[in-house]
A.B. asks: 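Dumping the structure here so I can ask a few things about it.
Since this is a predicted model, take the numbers as computed values, not measurements.
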Amino acid sequence: MRKIDLCLSSEGSEVILATSSDEKHPPENIIDGNPETFWTTTGMFPQEFIICFHKHVRIERLVIQSYFVQTLKIEKSTSKEPVDFEQWIEKDLVHTQGQLQNEEIVARDGSATYLRFIIVSAFDHFASVHSVSAEGTVVSNLSS
């Protein structure tokens with residue numbers, strides 16, 4: 001099976017929830033495939049966003065590009081609706097002065113229909129997420 005970036009909006013994924021939004025830097029920027037765009041938090045933590053794949057996927061590798069994210073939790077769900085999330089990954093990221101944090105995670109048991117990303121804490125009052133990439137395969141479409 002062909003491995004693709006499952007998170008791209010061009011593959012049918014969408015950000016269905018974000019706890020903050022700035023009209024210049026909306027959450028959709030996380031999955032638009034453009035390295036120049038990003039989503040920014042608007043202060044106060046935790047902040048979160050949920051990506052919906054609209055299908056069952058198996059994720060093998062995640063890459064998150066961000067600024068000022070300190071602790072990141074990732075939860076996953078295999079439900080048809082964004083419920084029943086289970087803790088999947090928790091990472092403390094390294095502060096990178098003046099450059100993007102580029103966190104690569106080899107995923108175990110990466111079956112999901114939704115991913116919830118929770119920025120638990122940050123190195124500054126604001127944090128930004130420039131992209132989330134999930135390399136993997138489509139397992140099946142969601143049946144109605």
A.B. asks: Of all residues at least two apart in sequence or in a different chain, which pass the salt bridge (charged side-chain N to carboxylate O under 4.0 Å, His left out) check with Lys91?
C.D. replies: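 Only Glu103 meet the salt bridge (charged side-chain N to carboxylate O under 4.0 Å, His left out) criterion with Lys91.
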A.B. asks: Is any side-chain heavy atom of Tyr67 closer than 4.5 Å to one of Asp124?
C.D. replies: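 In short, these two side chains do not touch, never coming nearer than 4.5 Å.
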A.B. asks: Could you check whether any side-chain N or O of Trp88 sits under 3.5 Å from a backbone N or O of Leu115, counting only pairs where one atom can act as donor and the other as acceptor?
C.D. replies: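 Side chain of Trp88 to backbone of Leu115, a donor-acceptor pair under 3.5 Å: no, none is there.
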A.B. asks: Might you confirm whether atom NE2 of His125 has over 12 heavy atoms from other residues, nucleotides or ligands at distances under 6.0 Å?
C.D. replies: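 No.
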A.B. asks: Would you say Ile4 and Glu11 make side-chain contact, with heavy atoms under 4.5 Å?
C.D. replies: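 Yes, close enough: below the 4.5 Å cut-off.
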A.B. asks: Compare all side-chain heavy atoms of Ile31 with those of Ile51 and state whether any distance is below 4.5 angstrom.
C.D. replies: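 Sidechains of Ile51 and Ile31: in contact.
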A.B. asks: Do Phe123 and Phe68 have ring centres separated by under 6.0 Å?
C.D. replies: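 They do not qualify: ring centres at least 6.0 Å apart.
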A.B. asks: Please list, chain by chain and in numerical order, all residues satisfying salt bridge (charged side-chain N to carboxylate O under 4.0 Å, His left out) with Glu14, sequence neighbours excluded.
C.D. replies: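 So Glu14 forms no salt bridge (charged side-chain N to carboxylate O under 4.0 Å, His left out) with any residue.
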A.B. asks: Judged by modelled atom types alone, do Ser77 and Asp84 share a side-chain donor-acceptor pair under 3.5 Å?
C.D. replies: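 Checked: Ser77/Asp84 side chains show no N/O donor-acceptor pair below 3.5 Å.
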A.B. asks: Output the distance between atom CZ (Phe45) and atom OG1 (Thr19), rounded to the nearest 0.5 Å.
C.D. replies: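 With rounding to 0.5 Å, CZ (Phe45) is 9.0 Å from OG1 (Thr19).
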A.B. asks: Say you draw a straight line from CZ of Arg108 to CD of Glu60; how long is it, rounded to the nearest 0.5 Å?
C.D. replies: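 The CZ atom of Arg108 sits 12.0 Å away from the CD atom of Glu60.
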A.B. asks: With distance as the sole test, does Thr78 use its side chain to make a donor-acceptor pair with the main-chain N or O of Ala112 at under 3.5 Å?
C.D. replies: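 Between the backbone of Ala112 and the side chain of Thr78 there is no qualifying donor-acceptor contact (under 3.5 Å).
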A.B. asks: To the nearest 0.5 Å, tell me how far Thr40 OG1 sits from Lys24 NZ.
C.D. replies: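 The distance works out to 11.5 Å.
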A.B. asks: Give a yes or no on whether Val69 and Ile89 share a hydrophobic cluster (residues Ile, Leu, Val, Met, Phe, Trp, Tyr; joining criterion: side-chain heavy atoms under 4.5 Å apart).
C.D. replies: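 Yes, Val69 connects to Ile89 through the hydrophobic network.
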A.B. asks: Could you tell me whether the side chain of Cys52 reaches within less than 4.5 Å of the side chain of Pro82, counting heavy atoms only?
C.D. replies: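 With C-beta onward as the side chain, the pair stays apart.
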A.B. asks: For Arg58 versus Ser111, what's the shortest heavy-atom pair and its separation?
C.D. replies: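 Here Arg58 and Ser111 meet closest at NE-OG, 3.9 Å.
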A.B. asks: According to salt bridge (charged side-chain N to carboxylate O under 4.0 Å, His left out), does anything in residues 27-46 pair up with another residue at least two apart or in another chain? List the pairs.
C.D. replies: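 For residues 27-46, and leaving out neighbouring residues, there are no salt bridge (charged side-chain N to carboxylate O under 4.0 Å, His left out) pairs at all.
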A.B. asks: Rounded to the nearest 0.5 Å, what separation is found between the CZ atom of Phe117 and the CD1 atom of Ile64?
C.D. replies: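 These two atoms lie 5.5 Å from each other.
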A.B. asks: Please list, chain by chain and in numerical order, all residues satisfying side chain to side chain contact (heavy atoms under 4.5 Å, CB included) with Ser133, sequence neighbours excluded.
C.D. replies: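 For Ser133, the residues satisfying side chain to side chain contact (heavy atoms under 4.5 Å, CB included) (neighbours in sequence not counted) are Asp5, Val63.
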A.B. asks: Atom CH2 in Trp39, atom CD in Gln47: separation rounded to 0.5 Å?
C.D. replies: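 Going from CH2 on Trp39 over to CD on Gln47, the span is 5.5 Å.
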A.B. asks: Quick one: does Val120's side chain get under 4.5 Å of Leu72's, heavy atoms only?
C.D. replies: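 No, too far: nothing below the 4.5 Å cut-off.
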A.B. asks: Is it the case that one hydrophobic cluster holds both Tyr114 and Ile105, taking links as side-chain heavy atoms less than 4.5 Å apart, direct or via other members?
C.D. replies: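 No, separate clusters.
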A.B. asks: Looking at residues at least two apart in the chain, or sitting in another chain, which of them share a side chain to side chain contact (heavy atoms under 4.5 Å, CB included) with Thr96?
C.D. replies: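 By the side chain to side chain contact (heavy atoms under 4.5 Å, CB included) rule, Thr96 matches Gln99, Gln101.
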A.B. asks: Tell me which pairs pass ring-ring contact (aromatic ring centres under 6.0 Å, His included) where either residue lies in residues 17-37, with sequence neighbours left out.
C.D. replies: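 For residues 17-37, and leaving out neighbouring residues, the ring-ring contact (aromatic ring centres under 6.0 Å, His included) pairs sorted by first residue read His25-Phe38.
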A.B. asks: So do Lys55 and Thr113 actually touch side chain to side chain, heavy atoms under 4.5 Å?
C.D. replies: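 Thr113 vs Lys55: side chains apart.
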A.B. asks: Using a 4.5 Å cut-off on heavy atoms from C-beta on, say whether the side chain of Val57 contacts that of Thr137.
C.D. replies: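 A side-chain contact is absent here, since even the closest heavy-atom pair is not under 4.5 Å.
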A.B. asks: According to a 4.5 Å side-chain heavy-atom criterion applied to Ile, Leu, Val, Met, Phe, Trp and Tyr, with indirect links allowed, do Val129 and Phe126 form part of one hydrophobic cluster?
C.D. replies: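 No.
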A.B. asks: Side-chain heavy atoms nearer than 4.5 Å, only ILVMFWY residues, links allowed to pass through others: does that put Leu62 and Ile50 together?
C.D. replies: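 No; tracing contacts between hydrophobic side chains, which count when under 4.5 Å, never links both residues.
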A.B. asks: Do Phe85 and Ile16 share a hydrophobic cluster (ILVMFWY, side-chain heavy atoms under 4.5 Å, transitive)?
C.D. replies: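 Per the 4.5 Å side-chain linkage, Phe85 and Ile16 are co-clustered.
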A.B. asks: To the nearest 0.5 angstrom, please state how far the OG atom of Ser9 sits from the CD1 atom of Ile30.
C.D. replies: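 So the gap between those two atoms works out to 11.5 Å.
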A.B. asks: Are Glu75 and Glu86 packed together at the side-chain level, in the sense that at least one heavy-atom pair is separated by less than 4.5 angstrom?
C.D. replies: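 No, every pair of side-chain atoms sits at 4.5 Å or beyond.
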